[in-house]
Amino acid sequence: MYSFQITGIGAYLAQLLYIISMCTGLTFLTGYAANTVAWTFADQLLGLKISWIQWTSAFIVPAGVMLLLAPIVIYKIFPPTIKKIDNITIAKKGLDSIGPMSNKEKILLGLFVLAIVAWATSSITKINSTSVVLGFIALSLITGVLKWQDVAKNGQIWTTLTWYGGILGMATALNKFGFFMWMAKLLQTYVDFSSFSHIGLLISMVALGTACRYLFVSCGAYMASVLPVQFTIGLAAGLPQWDMFLMFTTCGVMGALVTHYANAAGPVLFGANYVSVKTWWSIGLFYTLLSYVVFTVIGIPWWSMLGIFSSL
């Protein structure tokens, strides 16, 4: 097996953390900001009312397999020169320096658990996920875990929320006026999809979507720009709604591995300068393709067992 030459352990960890970020981000609806965009489009364009539990149930198995494979495979193709560290001593020193949990940290942990439970049970309680977030922030302010100054100074987060709100608002307006259905009918009129199998069309659109990842510096921007097009073409071709959602969302998140600038985590990890651009892109493309193989071999049978995949 081909081995990339590196020094130390920083390069290995940088690449591995990026892969782990994508796997864990995809696993949970609330694990990745761009998931909200995919979730909203799935509702508005495909008519899918996906709960937190449904999302996690769909992605936890294939993403979990990727999490298990990632450190092993990357260790083989991208081995660090430092192969043994004294974890116990390092962990003990770190915990000693941090000290015991403060009361505010305990309160924050409790609020976090409550938020996860509220998200997970939203289909039963009918509590909107946005309400959960606002409630979490309000309780954090009331209990003193956060100060308003802490919230207000994170301008980049508010800017992101504003952009996402604008993007989703525009998509909602277009869907309300029937733009996407009009486009789907137009495609049905001028494009003959009968010669394409469902699985062949899904694979082709995933390949095109992956190629598009090189053009976007934000996963949210990719989801907002490419997903509506993929969903509209899929609707015109008569593709099953769940199949489109599962495959195109996987492409949107795991496809981010191809570059170091595809989302917020990439520049931070790449910025440590442990890995060259050429190596990062090579390993990123390899892991993107590996994730597609895993999601095909593990994910599709799992989704079929759950009754949400029907193209095979």
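It should be emphasised that the depicted structure is a prediction, and the values quoted were computed from it without experimental measurement. This chain uses plain numbering: 1 for the first residue, then up along the sequence.
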Exercise. Quick one: do the N263 and Y222 side chains pair a donor with an acceptor below 3.5 Å?
Worked result: no
Problem set entry | Contact check, side chains of H198 and D243, non-hydrogen atoms, under 4.5 Å | no
Seminar exercise, completed: Y214 meets the side-chain contact (heavy atoms from CB on, under 4.5 Å) criterion, sequence neighbours left out, with V258, T259, Y261, W281, L285
Exercise. Around I90, counting heavy atoms of other residues, nucleotides and ligands shown, do more than 12 lie under 6.0 Å from its CD1?
Worked result: yes
Determine all donor-acceptor pairs shorter than 3.5 Å in which one atom belongs to a side chain in residues 202-212; sequence neighbours excluded.
{"residue": "S204", "atom": "OG", "partner": "G200", "partner atom": "O", "Å": "2.9"}
{"residue": "T210", "atom": "OG1", "partner": "V206", "partner atom": "O", "Å": "2.8"}
{"residue": "T210", "atom": "OG1", "partner": "Y292", "partner atom": "OH", "Å": "2.7"}

Problem set entry | For R213 against C219, the heavy-atom pair lying closest together | NH2-CA, 3.7 Å
Problem set entry | Atom of N35, atom of G25 and distance for their closest heavy-atom approach | ND2-O, 2.8 Å
For this session: Only counting residues at least two apart or in another chain, list the ones meeting side-chain contact (heavy atoms from CB on, under 4.5 Å) with K92.
Result: D96
For this session: Please list, chain by chain and in numerical order, all residues satisfying salt bridge (charged side-chain N to carboxylate O under 4.0 Å, His left out) with K106, sequence neighbours excluded.
Result: none
For this session: May I ask you to decide if L26's main-chain N or O and W55's side chain share a donor-acceptor pair within less than 3.5 Å?
Result: yes
Exercise. Hey, are S282 and T279 close enough side-chain-wise for a donor-acceptor pair under 3.5 Å?
Worked result: no
Seminar exercise, completed: salt bridge (Lys or Arg N to Asp or Glu O under 4.0 Å) pairs touching residues 281-303, sequence neighbours excluded, are none
Exercise. Under 30°, 30 to 60°, or over 60°: which ring-plane class applies to W303 and F59, parallel, tilted or perpendicular?
Worked result: perpendicular
Exercise. So, for V145 and K104, which heavy atoms are closest and what is the spacing to 0.1 Å?
Worked result: CG2-O, 3.7 Å
Distance-only donor-acceptor pairs under 3.5 Å for side chains of residues 137-144, two or more places apart:
{"residue": "S140", "atom": "OG", "partner": "F136", "partner atom": "O", "Å": "2.8"}
{"residue": "T143", "atom": "OG1", "partner": "L139", "partner atom": "O", "Å": "2.7"}
{"residue": "T143", "atom": "OG1", "partner": "S140", "partner atom": "O", "Å": "3.4"}

Exercise. Excluding sequence neighbours, so at least two apart, what forms side-chain contact (heavy atoms from CB on, under 4.5 Å) with S131?
Worked result: I127, N128
Problem set entry | Pairs meeting criterion salt bridge (Lys or Arg N to Asp or Glu O under 4.0 Å) with involvement of residues 246-263, two or more places apart | none
Return a table of donor-acceptor pairs under 3.5 angstrom between the side chains of residues 61-72 and protein atoms on other chains or two or more places apart.
none

For this session: Just jot down the salt bridge (charged side-chain N to carboxylate O under 4.0 Å, His left out) partners of K126, sequence neighbours excluded, or say none.
Result: none
For this session: Identify, with sequence neighbours excluded, every residue that meets side-chain contact (heavy atoms from CB on, under 4.5 Å) alongside T56.
Result: T27, F28, W52, I60
May I have the list of side-chain donor-acceptor pairs in residues 247-255 shorter than 3.5 Å, sequence neighbours left out?
{"residue": "T249", "atom": "OG1", "partner": "F245", "partner atom": "O", "Å": "2.7"}
{"residue": "T250", "atom": "OG1", "partner": "L246", "partner atom": "O", "Å": "2.7"}

